[in-house]
Amino acid sequence: MSQEDNKRQAAVAALSYIKDGIALGVGTGSTVDHLIDALPPHAARLTAVVSSSERSTRRLEAAGIKVSALSEVGELDLYIDGADEATKHLHLIKGGGGALTREKILAGTSRRFVCVVDETKLVATLGKFPLPIEVLPMAQSFVARQMVKAGGNPIYREGFVTDNGNHILDVHDLRIANPIEMETRFNQLPGIVTVGLFANRRADVLLIGGASGVRTLQSRGFWRTQTVLASAKPCSLTPGDAVSATRPLSDHARADVPLLRATAPSSRRCCRSAPNSLHCCPIGSP
Ligand code: 5RP
């Protein structure tokens, strides 16, 4: 199987995370292109699709899928995107396609982030792939000097302007022993718009396409959510209730809509506060 076949099988495997009535965020890159190509039969099940780049928007629209603005949709239920490098801890380097800022926004606003890669992207330590950093043009040399001080070798991505009108520095030779610490530290530097490390908000699920099929790695938090859901108290909503979105009820409970199997922790129950909105409230409250 070629690398492209492995990207395709990982992308297609992500379709199984699409549930009826969800709002989907779509990433950017050649792996995600396979997802977009396979998406049209599932489009009617989605309440909204939000794109992370002009490139993905064009491809989605060419496939007949309507793209909505994030501000119209609010929170996303699921975000699917590729990566340039991934570890078994589900920390990522992203931004090879230059869409890292919008990608980080969509990942940050999504309840679940499924990352799709071919097996060449799985590494023990991040940093062989140069770390993309989106910078305001006027801050480019300042940030480049800071990257040299941090032990890196920044290269200006010649002739590339991001969808946000900014520039990219690709920082080679960084030793990324602690991705969370480095992401947090670099985020403090003025002029940096986005660091291509996705560690503070890592993936929840990593689907890795390889010679023997698609391997799945999941974060511990993802499993915790599943366990709590299974033991949670059923909500009072009944099939037929007009609820059109899947939204969190609390850190530990969710309503799966329109499956209408809303759940809450044992001391709480699910209340409907408006036609399209659920919240968690104490048992006995009106
Ligand atoms: C774009 C990205 C991509 O997800 C990353 O570059 C992987 O791309 P591909 O799927 O083409 O290998 O972060 O900004």
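On a predicted model such as this, the values are computed, not experimentally measured, just so you know. Just follow the structure's listing: the first ligand is 1, and inside any ligand the first atom is 1. Along the sequence shown, residues are numbered consecutively beginning with 1.
Under the 6.0 Å distance and 45° angle rule, Arg157 counts as a cation-pi partner of Phe160.
Using a 4.0 Å cut-off between a side-chain N of Lys or Arg and a carboxylate O of Asp or Glu, Asp33 and Arg55 qualify as a salt bridge. Under a 4.0 Å N-O distance rule, the pair Glu4/Arg8 does not qualify as a salt bridge.
Note: Ser51 OG to Lys66 NZ = 13.0 Å, rounded to the nearest 0.5 Å.
No side-chain heavy atom of Pro132 sits less than 4.5 Å from a side-chain heavy atom of Lys94.
Taking the ring centroids of His91 and Phe198, they lie at or beyond the 6.0 Å cut-off.
Every protein residue with a heavy atom nearer than 4.0 Å to ligand 1 is included here: Lys7, Thr28, Gly29, Ser30, Thr31, Asp81, Gly82, Ala83, Asp84, Lys94, Gly95, Gly96, Gly97, Gly98, Ala99, Glu103, Lys121.
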